[in-house]
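Note: hydrogens, waters and symmetry copies are ignored here, and every other heavy atom, side chains too, is used. Below, chains carry the letters A, B, ... as their sequence lines are ordered, and counting in each starts from 1.
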Amino acid sequence: MLGRSSILAHLNPPQQAAVTYGEGPLLILAGPGSGKTRALTHRAAYLIKEKQVPPENILLLTFTNKAADEMKIRLQKLLVPSVNSVNSVNSASLPFAGTFHSFCARVLRRYGQAIGIPPGFTIYDTSDQKEAIKQTLRKLNFSEKKLAPTAVLKTISQAKNEMITATEYPQYARGPWQRDVAEIYLAYEKMLRQYQALDFDDLLLKTVQLFRSHPEVLANYQNQFQYILIDEYQDTNQAQYLLTRQLVGKWRNLCAVGDASQAIYGFRGANYRNLLTLQQDFVDLKTINLEQNYRSTQTILSAANAMIKKNASHPVLNLWTQNGAGDPVALYEARSEIDEADFIVNTVATQTLRQPSFSPADFAILYRTNAQSRTLEEAFLHAGLPYRLVGGTRFYDRKEIKDCLAYLKYWTNPQDKVAFKRIEQIGKRRAEKFLKFKEKQAPSLSTLKLLDKILQTTAYLELFDSQSETDLAKLENIKELRSVATQHPDLTNFLENVALVEQENGVDQVNQADQVNQGVTLMTAHAAKGTEFPIVFVVGLEEGLFPHSRSLLEKDKIEEERRLFYVAMTRAKSRLFLSYARRRLYFGQRTSNPLSRFVNDIPTDLLEFINESLLE
DNA sequence: GGTCACACAGTTTTT
DNA sequence: CTGTGTGACC
């Protein structure tokens, strides 16, 4: 058995204070690299081991499945040090750790009927939502030209995030466009009900509604979850905030962890002010700052601090470290985006080939937009350096995967007209064969068997030419889907997993490097949150790109861009390279923009300017 | 019913 | 520039 001392060992004083804090609301403000996850998992372990809190009375909420899995693994190690894999352990000994959405889906499957939600509801992702909106527009005789489905969807989604329902929306609608949206919103809701579907936003909104209208259901959960720990609290939206308040209501043992300076998801409804106003929600809130950084050099931290301090609307933590000062932050002015890519490739090559102090996996390149990855990829391919690209089209957004899923979704829910539309689009004849097959088929097949039989009867795979490389990648993706199906023989479970758990990216994202995970990492600054690398390049630091042109006009948005740059900078452990191009080809357009204002906010004595001549 | 061509939009992203 | 999606035509 682990003793108390070993849970607290290797924790600094504020971390220990956070871990051992007793009853009542607790806010942990944790800067980048300050051991945030460590504090959270150790606190959960401490409650279980030292305070004898049964694991089932603890709830851990995160925003991504990745974060939830990470928590589980680390908690597992703390509780049963000899076991390394979550799967190999009786999960009953672990608290529920999951995303807000998966938690809500569970609640609604179980109790949703109380507010008219069928237990077998289908979950709509963004593209399903878009199709449902299109169907709504057609039904109401609105032109898609006048009302872009994506814009309408965005507005409705925002409303849902703020807990404004379709019946409430009309009273907030201003101007003709919003009044149109109000009408569409109502019709869209009606359609979802008919189709027995909930969109992602509904999972949160309906759960809050359920808890409001059925206090006895809420009481169940309140009683069960004596301790609630929430990660990345600055990313909560209004619905998640309300849900938190409901769940915490009885015991008031909320432990929220976050950092306003790392709030980068405002564009999708997150409101970092939830973090700042927690003090008003709980007058007895205890706040603990984690400001010692274990990741970066002092130079990197000082540069990042100076830069983020220009933000006026939220407090900024003062990070410090016992690591040394390290090298200055390097700044490279490139002639073009190609020159910029070459500079990076050369630098990586120098560090890994000529003087192999680092491996390619030690490097990350962070950019503002996905479109920037192409030039970088080309340079890496050219130089024969291994890389891995993070992001791109998500696995379940791929056409071939959505096609397969449409058949399966319709199989469990024939009300789902969005799925049916897709089935028809794949091919009318295929649709007929599929329907005929569905009628005579006994419903109790395993997911994999069913999927295979559908693929067989519809001859879906014949759409692909195994000679073509892109088609081959698609076939590989379907293979991957089959392997997911193997893990979830129950079709309903399978679909739930597919809707709420993102799969590793499909094969066409993978190049030779990925197999062994040995390449240089290429990703957006957003995708980099939560990661760290010895050497980080942040590229494209030009006005209009980073900060992005769509953010230039609003102060709030500029501040979010600045936080994003802060996140990017603080990924670096030992060396940080910044770069910008005097001229850049962007969407086929030659552009020329001044250096990003963010770089100007870094004190020059922390910077080192790199010339081309220095490269040789 | 299926294929091909043209128009057009194109931050960031998880669930 | 490039991927996607709609509409016209075979």
Gap between atoms [atom1] and [atom2], on [X] and [N] respectively (whole Å):
X: A/R368; N: B/dT12; atom1: CZ; atom2: P; answer: 7 Å
X: A/E554; N: B/dT12; atom1: CD; atom2: P; answer: 18 Å
X: A/K154; N: B/dA9; atom1: NZ; atom2: P; answer: 16 Å
X: A/E377; N: C/dT2; atom1: CD; atom2: P; answer: 12 Å
X: A/R422; N: C/dT6; atom1: CZ; atom2: P; answer: 11 Å
X: A/D235; N: B/dT15; atom1: CG; atom2: P; answer: 12 Å
X: A/K160; N: B/dT15; atom1: NZ; atom2: P; answer: 19 Å
X: A/L564; N: B/dT13; atom1: CG; atom2: P; answer: 9 Å

(Q) For A/A371 and A/L500, find the nucleotide of DNA chain B closest to each by heavy atoms; which residue's nucleotide sits nearer the 5' end? (A) A/A371
Q: Return the 5'-most residue of the pair A/R430, A/T524 with respect to DNA chain B, ranking by each residue's nearest nucleotide.
A: A/R430
Mind checking if [X] touches a base, just sugar-phosphate, or nothing, with heavy atoms under 4.0 Å?
X: A/S549; result: nothing
X: A/Y265; result: sugar-phosphate
X: A/D201; result: nothing
X: A/F267; result: base

Determine: side-chain N/O of [X] to OP1/OP2 of [N], distance under 4.0 Å, yes or no.
X: A/K134; N: C/dT6; answer: yes
X: A/R374; N: C/dG3; answer: yes
X: A/N370; N: B/dG10; answer: no
X: A/N65; N: B/dT14; answer: no

Q: May I ask you to establish whether A/R268 and A/Y265 are in a cation-pi arrangement, using a distance under 6.0 Å from NZ or CZ to the six-membered ring centre and at most 45° from the ring axis?
A: yes
Q | Ring-face cation contact, A/F121 with A/R109, 6.0 Å cut, 45° max | A | yes
Heavy-atom pair with the smallest gap, counting every atom of [X] and [Y]:
X: A/N497; Y: A/V484; value: OD1-CG1, 4.2 Å
X: A/K72; Y: A/L94; value: O-CD1, 4.2 Å
X: A/Y396; Y: A/K402; value: O-CG, 3.2 Å

Q.
Roughly how many Å apart are C/dT4 and B/dT13, using the P atom of each and rounding to a whole number?
A. 16 Å
Q | Nearest-angstrom distance, P atom, B/dT12 to C/dG5 | A | 16 Å
Q. Closest nucleotide of DNA chain C for A/Q425 versus for A/E378: which of these residues is on the 5' side?
A. A/E378
Q | Flag for A/D201-A/N161: side-chain donor and acceptor within less than 3.5 Å | A | yes
**Q.** Selected nucleotide, minimal atom distance to A/R268 side chain, candidates C/dC1, B/dT15, B/dT14
**A.** B/dT14
Q) Looking at the side chain of A/R429, which of B/dT15, B/dT14, B/dG1 is the nearest nucleotide? A) B/dG1
Q.
Is it the case that B/dT15 (base atoms only) and A/T64 (side chain only) share a donor and an acceptor within less than 3.5 Å, ignoring hydrogens and angles?
A. no
